[in-house]
Amino acid sequence: MKRLFPVAALAFFMLLPLWMKDQYYLNELIVTGIFIIAAMSLNLLLGYAGQLSLGHAAFFGIGAYVSALTSLGFTVTIFGFEVTHDPWPPFVGLLFAIIASGLCGYLIGKLAFRVRGAYFVIVTISFAEVVRLVALNWVELTNGPLALSNIPPITLGFDWTGSITLWGKIGNYYLVLAVIALAYVVIRQLVKSPFGRAMIALRENETLALSVGVGVTKYLVLAAVMSGAIAGAAGSLYAHYILIIDPMIFMFLNTVIMVIMVISGGKGTLAGPLVGGLVFGIAPVILRAYVRPEAQWILYGALMILIVYVLPDGIVPAIGRWFDGVAEGKPRETRS
Amino acid sequence: LDCPPPLKTTLVTQLLQHLANAAIMGGTYALLGIGLTLIFGIMRIVNFTHGELYAFGAYMMVLFVARAGVNFYLAIPLAIVAGVALGAAIELVLLRPKRDADIDTTMLIMIGAWIVMQNTEVLIWGSVAKSVPTPFGNAPLVLGPVSISWLRVVVLGVALLLIGGIYFLIQRTRLGKAMRATFQDSATAALMGVQVNRIYTMTFAIGSGLAAAAGALLGPVFVVTPNMGDPASLKAFAIVILGGLGNITGATIGGFILALAEEIGAGYVSSGYRDAMGFVIIILVLLIKPTGLFARSERVG
């Protein structure tokens with residue numbers, strides 16, 4: 001029964017655009033989907049490796065900028081040398097985004113996992129802030145606060161197969177859906193693998209894991225690399241869908257959105273970021289009609305506190321427990 | 001004929017001016033850092049609302065001085081008291097029920113509180129920058145080649161006074177002794193009759209009061225905006241990492257070091273990267289000495 005859920009959900013969302021033609025809602029779904037991918041990558045670190053990364057907007061933003069710059073081309077002067085890059089196809093940009101963000105994950109992991117807990121959190125926040133300042137100040141490369149515009153949309157296919165360019169909503173919708181499905185499968189296999197088991201062992205009891213020979217730093221750094229790479233892919237999709245990016249992409253609130261998605265859905269569960277992401281992707285659409293943006297954020301913050309108090313494990317584990325209870329004909333005792 | 005001053009003199013003058021500016025900012029940074037490190041050291045809580053308490057202090061100055069017409073010097077202690085009260089309220093409502101939770105859980109609660117507080121500021125005060133009128137004229141204090149506005153002189157004076165006060169509180173009073181005991185071993189302290197819960201509330205309130213003090217002092221120097229808390233939080237983190245988590249002397253020195261680094265960075269590298277200096281420091285410290293520069297042993301005072 002539980003196994004059919006992902007397939008059923010995928011089928012539902014594949015058929016959704018057939019009857020939901022409203023461009024506004026479709027747009028919201030695409031952006032939500034992109035953030036869900038980022039939240040899934042955060043879940044890898046936060047949920048499975050047990051490390052709270054509050055700089056995830058940095059990986060996301062770096063992916064967006066690398067992908068945009070690869071496909072737009074640029075000319076910068078570094079130490080007196082002029083470096084020119086000619087525009088490459090957006091698809092190459094996506095690959096570069098994944099590589100660049102993964103590399104950043106490696107560096108941050110190497111640096112921060114020398115010390116953990118509070119230090120890791122602060123290092124990741126600081127990293128995002130430094131990247132934001134660079135994006136803001138390195139005007140020659142990033143255009144600073146004036147934003148990078150005219151980013152080309154993603155083109156699928158090759159010269160010899162014929163190609164389609166994803167200008168519209170429908171194409172991007174299916175692309176995002178496909179990447180979500182891919183990321184889901186990749187993360188599922190990863191978590192099942194020895195690598196994933198080592199990661200979970202570290203989360204549960206680092207000293208014990210260490211004593212049976214789990215290489216702590218190696219696995220945590222690997223988790224950071226994977227997490228960064230997937231977030232970079234999400235950022236790239238964002239850049240080629242919105243077609244304009246500015247340093248606001250590194251805002252801490254973007255990280256907060258991802259964190260809320262993960263913890264509300266259920267950290268350390270495969271479906272958690274998807275469920276949490278849908279809830280927090282749709283909630284603003286409904287709220288937008290009634291309350292001002294500030295009030296909406298206040299509600300978000302309050303909800304975040306409330307979730308920690310009421311549903312500390314998140315929605316998915318709570319539903320799971322309820323299901324088990326129903327299956328056995330009696331409600332199970334729930335953990336508070 | 002107007003002759004340009006010799007290049008050497010200009011450089012020295014510039015450097016002296018930068019040092020003076022750094023000393024002034026350093027005092028308030030130290031207040032921010034001490035507040036955060038106190039809370040982390042004793043309660044093991046990464047206080048994400050710290051920057052918002054800083055902004056709260058600045059808004060209290062707007063409320064008291066600009067709106068209510070209270071005397072400038074009287075408004076500063078009032079703003080600090082308001083910060084202490086807000087801090088105590090946060091501790092009692094949000095943190096006390098989750099006393100035994102792990103550090104990640106309290107971090108999430110504090111992030112939620114941060115978002116609520118920042119957007120409440122926008123809701124109440126609007127996003128337009130506010131300024132605090134000061135009783136000082138435009139004439140600066142001139143000391144040889146260096147000139148400093150009187151407002152900044154007062155800011156440094158009050159900051160040093162508060163730093164001295166907090167040292168006195170922790171080293172010389174019964175409350176301070178109880179705080180130090182809780183820091184070293186809260187379970188044993190409780191057995192010895194220290195009311196640990198009350199110490200936690202007091203710690204969070206005092207730390208919050210220090211953040212509000214920093215905001216009340218710097219608010220009139222700059223402008224007051226709802227976003228002013230974010231860089232303040234991040235700077236406080238940098239100071240605390242620099243000094244070692246839980247180390248008050250480290251935070252004091254760290255505050256001055258960060259101010260100096262920012263001033264030098266803004267003056268000689270690029271003003272756009274002023275706020276990046278803190279993170280450069282964090283990264284360097286983590287590379288060289290992850291436990292902080294002044295970590296003899298982890299203790300308060």
Side-chain angles (χ1 to χ4, degrees), chain A residues 46 50-52 54-55 107-108 110-123 125-134 136-139 144 203 251-253 255-257 259-260 262-264 267 291-309 312, chain B residues 40 44-48 93-94 97-98 101-124 126-127 226-227 230-231 233-238 240-241 245-246 270-283 285-287 290-292:
Chain A
L46 173 58
Q51 301 293 324
L52 178 56
L54 288 183
L107 292 175
I108 291 298
K110 271 282 180 202
L111 183 69
F113 289 140
R114 304 175 59 156
V115 280
R116 278 192 273 292
Y119 280 104
F120 179 70
V121 174
I122 295 172
V123 167
I125 296 181
S126 306
F127 170 65
E129 191 58 19
V130 169
V131 177
R132 188 183 71 87
L133 287 168
V134 170
L136 205 59
N137 287 295
W138 195 358
V139 177
R203 181 191 66 193
M251 258 189 345
F252 185 70
L253 284 182
T255 300
V256 169
I257 293 175
V259 173
I260 293 181
V262 174
I263 63 154
S264 65
K267 61 179 181 183
V291 294
R292 297 165 57 179
E294 301 92 77
Q296 197 177 315
W297 278 109
I298 293 174
L299 281 176
Y300 270 36
L303 209 57
M304 190 153 163
I305 298 172
L306 203 69
I307 287 166
V308 174
Y309 271 94
Chain B
F40 183 85
R44 297 275 130 187
I45 279 169
V46 184
N47 181 15
F48 282 99
V93 175
L94 292 179
K98 288 279 173 189
D102 60 308
I103 195 165
D104 280 2
T105 307
T106 50
M107 254 193 279
L108 292 173
I109 294 175
M110 294 319 278
I111 292 169
W114 166 9
I115 299 167
V116 170
M117 286 168 75
Q118 187 168 52
N119 287 286
T120 309
E121 278 156 25
V122 181
L123 209 60
I124 295 175
S127 39
N227 288 329
D230 294 356
S233 272
L234 296 167
K235 278 171 194 178
F237 289 147
V240 167
I241 285 197
L245 293 173
S270 155
S271 59
Y273 289 103
R274 171 185 277 270
D275 288 342
M277 298 314 287
F279 312 119
V280 175
I281 286 180
I282 288 183
I283 288 165
V285 170
L286 286 183
L287 278 176
T291 47

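We name chains A, B, ... by the order of the sequence lines, and we start the count at 1 in each one.
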Distance-only, no hydrogens or angles: does the A/Tyr309 side chain make a donor-acceptor pair with backbone N or O of B/Ile109 under 3.5 Å? no
Could you look at [X] and say if it's the side chain, the backbone, both or neither that has a heavy atom under 4.5 Å from chain B?
X: A/Arg292; value: side chain
X: A/Val259; value: side chain
X: A/Ile263; value: side chain

In terms of heavy-atom pairs under 4.5 Å, which option from [options] contacts chain A the most?
options: B/Val46, B/Leu108, B/Val240; value: B/Leu108
options: B/Thr105, B/Leu123, B/Thr106; value: B/Leu123
options: B/Val122, B/Asp230, B/Val280, B/Val116; value: B/Val116

Interatomic distance, [X] atom [atom1] to [Y] atom [atom2] [nearest 0.5 angstrom]:
X: A/Met304; Y: B/Ile115; atom1: CE; atom2: CD1; result: 5.5 Å
X: B/Met107; Y: A/Ile122; atom1: CE; atom2: CD1; result: 8.0 Å
X: B/Asn227; Y: A/Phe252; atom1: CG; atom2: CZ; result: 13.0 Å
X: B/Phe48; Y: A/Leu54; atom1: CZ; atom2: CG; result: 5.0 Å

Heavy-atom closest pair, residues A/Glu294 and B/Asn119: O-CB, 3.5 Å
Might you point out which heavy atoms bring B/Lys98 and A/Val308 nearest each other, and give the distance in Å? NZ-O, 3.6 Å
Taking every non-hydrogen pair under 4.5 Å, which of A/Gly50, A/Ser126, A/Ala295 racks up the most with chain B?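 Looking at each option in turn, the highest pair count goes to A/Ser126.
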